[in-house]
Visitor: 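Here it is, the structure in full.
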Amino acid sequence: MTNETTSSVTVLGLGLMGRALAGAFLKAGHTTTVWNRTAAKADDLVAQGARPAPTVTEAVRAGSVTLLCLTDYPAVYELLAEADLAGATLINLTSGSSAQARAAAEWAAQRGARYLDGAIMAVPPAIGTPEAVVLHSGPQADFEAHEPVLAALGTVSYLGADHGLAPLYDMAGLAMMWSVLNAWLQGTAMLRTAGVDAATFAPFARQIAAGVADWLPGYAEQVDRGAFPAEVSALETDARAMAHLVAESEALGVDAELPRLIQAMAQRSIAAGHGGEQYPVLIAEFEKPR
Ligand code: NAP
């Protein structure tokens, strides 16, 4: 594939994110074709040099690769229902579940299209900068064929052949993000009862979060091995501190739901005989639904 063919790209869906994607391709000098249900949203991009396509099929034909960025997967199916996709390569950056991604890959194959799924871990203003992380999964050759164009979006990465991986990493990242933020807010609520403001606590909280992040490679090794020797602390020791956290939250009159959840998971693991093992043994609690 020549540079000329890899540098023509189509963006379907020009909401807040789609406009940022198309803008980044234009800025990088790629021939960019756009289509949106509400046509007026293309106006600014067209003024910057984007080519408006009259139909979805013509939009898909214009680019060597077509990116989709819509509200959800049902919108993707609705938009592509009548389009001729034979020979097209679709990269669906619409947020969804791993099951939706795998089903969309099968659907695209039945329509004669190549398909990569993706997930954007950034806000629109970050698109086009290294801070924007864009994940992809599906056939590696298809990712590599279009990686030079995709690089205009930010830090692009390939996760594997399973189309569900990009949404799974997306969800795992959100689980991390909200868990860390909730933990910080819990600590902030507790300290504010003593007149310590959020800005004063933030550097300490950051230090704790960074310290915990450093434990992950070693803890991951325990999870993958399925062996959890208490090298630095046993779960039952942690559980005593958890009881303090619950009691302190209740005494301060702040919400204790998160501390109680943390404690309850540890108690279940201890009841199952794992009190003498190290914290990552809790993976068993996370792996089974209650
Ligand atoms: P948005 O501004 O609400 O745009 C939604 C887009 O979907 C519009 O182009 C809309 O067309 C189109 N659309 C919806 N239903 C459609 C249908 N049935 N047929 C044709 N087009 C349809 O949303 P956004 O912020 O751009 O988000 C788009 C995707 O990016 C979502 O999956 C979102 O989760 C993901 N994302 C967004 C962000 C963010 O910060 N914004 C960050 C990461 C990921 P109209 O203009 O005609 O309504």
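For the single chain, residues carry numbers from 1 onward in sequence order.
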Visitor: Hydrophobic clusters here meaning ILVMFWY residues chained together by side-chain heavy-atom distances under 4.5 Å, can you tell me if Leu245 and Val196 are in one?
Guide: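 Not linked; separate clusters.
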Visitor: Surrounding CZ of Arg102 (heavy atoms of other residues, nucleotides or ligands, distance under 6.0 Å), is the total greater than 12?
Guide: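 Count over threshold, so yes.
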Visitor: Tell me if a side-chain donor or acceptor on Arg111 pairs with a main-chain N or O of Ala83 at a distance below 3.5 Å.
Guide: yes
Visitor: Thr10 side chain to Ala59 main-chain N or O, any donor-acceptor pair under 3.5 Å?
Guide: yes
Visitor: I'd like to know if the side chain of Ser64 and the backbone of Ser8 have a donor-acceptor N/O pair within less than 3.5 Å.
Guide: yes
Visitor: Hey, what do you get for OG1 (Thr89) to NE2 (His146), rounding to the nearest 0.5 Å?
Guide: 4.0 Å
Visitor: Examine Leu70 and Leu67 and state if one hydrophobic cluster contains both, with Ile, Leu, Val, Met, Phe, Trp and Tyr joined whenever side-chain heavy atoms are less than 4.5 Å apart.
Guide: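 Per the 4.5 Å side-chain linkage, Leu70 and Leu67 are not co-clustered.
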Visitor: More than 12 heavy atoms of other residues, nucleotides or ligands under 6.0 Å from OH of Tyr77: yes or no?
Guide: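 Enclosed.
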Visitor: For residues Thr155 and Pro130, report the shortest heavy-atom separation together with the two atoms involved.
Guide: OG1-O, 2.6 Å
Visitor: Does atom CE of Met176 have more than 12 heavy-atom neighbours, drawn from other residues, nucleotides or ligands, at distances under 6.0 Å?
Guide: no
Visitor: Determine whether Pro124 and Arg19 make a side-chain contact, defined as any pair of heavy atoms from C-beta on separated by less than 4.5 Å.
Guide: no
Visitor: Provide the closest heavy-atom pair for Ala152 versus Ala28 in the form atom of the first, atom of the second, distance.
Guide: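 Heavy-atom minimum between the residues: CB-CB, 3.6 Å.
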Visitor: If you draw a 6.0 Å radius around OH in Tyr169, do more than 12 non-hydrogen atoms from other residues or ligands fall strictly inside?
Guide: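 It does not: Tyr169 OH has 12 such atoms or fewer within range.
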Visitor: Quick check on the hydrophobic clustering: are Tyr279 and Val223 connected, directly or via other members, by side-chain heavy-atom contacts under 4.5 Å?
Guide: yes
Visitor: Enter the distance from Asp238:CG to Ile270:CD1 here, rounded to the nearest 0.5 Å.
Guide: 8.5 Å
Visitor: Linking I/L/V/M/F/W/Y whenever any side-chain heavy atoms sit under 4.5 Å apart, do Met17 and Leu153 land together?
Guide: yes
Visitor: Sub-3.5 Å donor-acceptor pair from the side chain of Gln48 to the main-chain atoms of Asp44, do we have one?
Guide: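 Yes, the answer is positive, given that a donor and an acceptor are paired below the 3.5 Å cut-off.
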Visitor: Would you call Val232 and Trp215 a side-chain contact if the rule is heavy atoms closer than 4.5 Å?
Guide: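 No - every pair of side-chain heavy atoms lies 4.5 Å or more apart.
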Visitor: Do Gln278 and Tyr219 touch side chain to side chain, with heavy atoms closer than 4.5 Å?
Guide: yes
Visitor: Would you compute the distance between atom CZ of Phe228 and atom CD1 of Ile283 and round it to the nearest 0.5 angstrom?
Guide: 7.5 Å
Visitor: Of His274, Gln263, Glu285, which is the lone residue that meets side chain to side chain donor-acceptor pair (under 3.5 Å) with Arg268?
Guide: Glu285
Visitor: Would you sort out whether Val180 and Val212 count as a side-chain contact (heavy atoms from CB on, under 4.5 Å), showing the intermediate values?
Guide: CA-CA 11 Å; Val180 172; Val212 172; over 6 Å; no
Visitor: CG of Asp170 to CG of Leu174: how many Å apart, nearest 0.5 Å?
Guide: 5.0 Å
Visitor: Does CD in Glu231 sit with more than 12 non-hydrogen atoms of other residues, nucleotides or ligands closer than 6.0 Å?
Guide: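 Buried by this count: over 12 neighbours within 6.0 Å.
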Visitor: Quick check: closest heavy atoms across Gly164 and Pro167, and the distance to 0.1 Å?
Guide: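 Closest pair (atom of Gly164, atom of Pro167, distance): O-CD, 3.3 Å.
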Visitor: Check each of Thr66, Thr55, Asp84 against Arg61 using the side chain to side chain donor-acceptor pair (under 3.5 Å) test, and report the only one that passes.
Guide: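 The option that passes is Asp84.
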Visitor: Around atom CG of Asp255, are there more than 12 heavy atoms of other residues, nucleotides or ligands at under 6.0 Å?
Guide: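 More than 12 within 6.0 Å, yes.
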Visitor: CD of Glu144: more than 12 outside heavy atoms within 6.0 angstrom?
Guide: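 Above 12, so yes.
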Visitor: Stepwise, does the side-chain contact (heavy atoms from CB on, under 4.5 Å) test hold for Leu168 with Ser137?
Guide: CA-CA 10 Å; Leu168 273 178; Ser137 50; over 6 Å; no
Visitor: Okay, side chain of Gln222, backbone of Pro229: is any donor-acceptor separation there less than 3.5 Å?
Guide: yes
Visitor: Going through the checks in order, is the side-chain contact (heavy atoms from CB on, under 4.5 Å) test met by Val156 and His136?
Guide: CA-CA 8 Å; Val156 295; His136 299 83; 3.9 Å; yes
Visitor: Between atom CG of Leu93 and atom CG of Leu150, what is the distance when rounded to the nearest 0.5 Å?
Guide: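 Going from the CG atom of Leu93 to the CG atom of Leu150 covers 8.0 Å.
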Visitor: Which heavy atom of Ala256 sits nearest to which heavy atom of Pro259, and what is that distance?
Guide: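 Heavy-atom minimum between the residues: O-CD, 3.3 Å.
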Visitor: List the steps, then state whether side-chain contact (heavy atoms from CB on, under 4.5 Å) holds for Leu80 with Trp107.
Guide: CA-CA 11 Å; Leu80 296 179; Trp107 180 89; 3.6 Å; yes
Visitor: Consider only side-chain N and O atoms of Asp197 and Thr200, and report whether a donor and an acceptor are under 3.5 Å apart.
Guide: yes
Visitor: To the nearest 0.5 angstrom, please state how far the CD atom of Glu257 sits from the OG atom of Ser249.
Guide: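 Rounded to the nearest 0.5 Å, the CD-OG separation comes out at 11.5 Å.
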Visitor: Is the shortest side-chain N to carboxylate O distance from Arg260 to Glu250 below 4.0 Å?
Guide: yes
Visitor: Under the side chain to side chain contact (heavy atoms under 4.5 Å, CB included) test against Leu68, which residue among Val60, Leu90, Leu21, Val11 passes?
Guide: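 In the set Val60, Leu90, Leu21, Val11, the residue that makes a side chain to side chain contact (heavy atoms under 4.5 Å, CB included) with Leu68 is Leu90.
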Visitor: Within a 6.0 Å radius of atom CZ on Arg114, are there more than 12 heavy atoms belonging to other residues, nucleotides or ligands?
Guide: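 Atom CZ in Arg114 is not crowded, with 12 or fewer foreign heavy atoms closer than 6.0 Å.
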Visitor: Quick check on side chain to side chain contact (heavy atoms under 4.5 Å, CB included): which of Val9, Leu26, Leu14 does Val34 satisfy it with?
Guide: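 The option that passes is Leu14.
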Visitor: Please give me the minimum heavy-atom distance between Pro139 and Tyr115, naming the atom from each residue.
Guide: CD-O, 3.4 Å
Visitor: Any idea which heavy atoms bring Cys69 and Ile120 closest together, and the distance?
Guide: SG-CD1, 4.3 Å
Visitor: Starting from Leu191, can I reach Val254 by hopping between I/L/V/M/F/W/Y residues whose side chains sit under 4.5 Å apart?
Guide: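 No; Leu191 is not reachable from Val254 via cluster members.
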Visitor: Evaluate the side-chain proximity of Val56 to Glu82: yes if any heavy-atom separation is below 4.5 Å, no if none is.
Guide: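 The answer is no; the side chains never approach within 4.5 Å.
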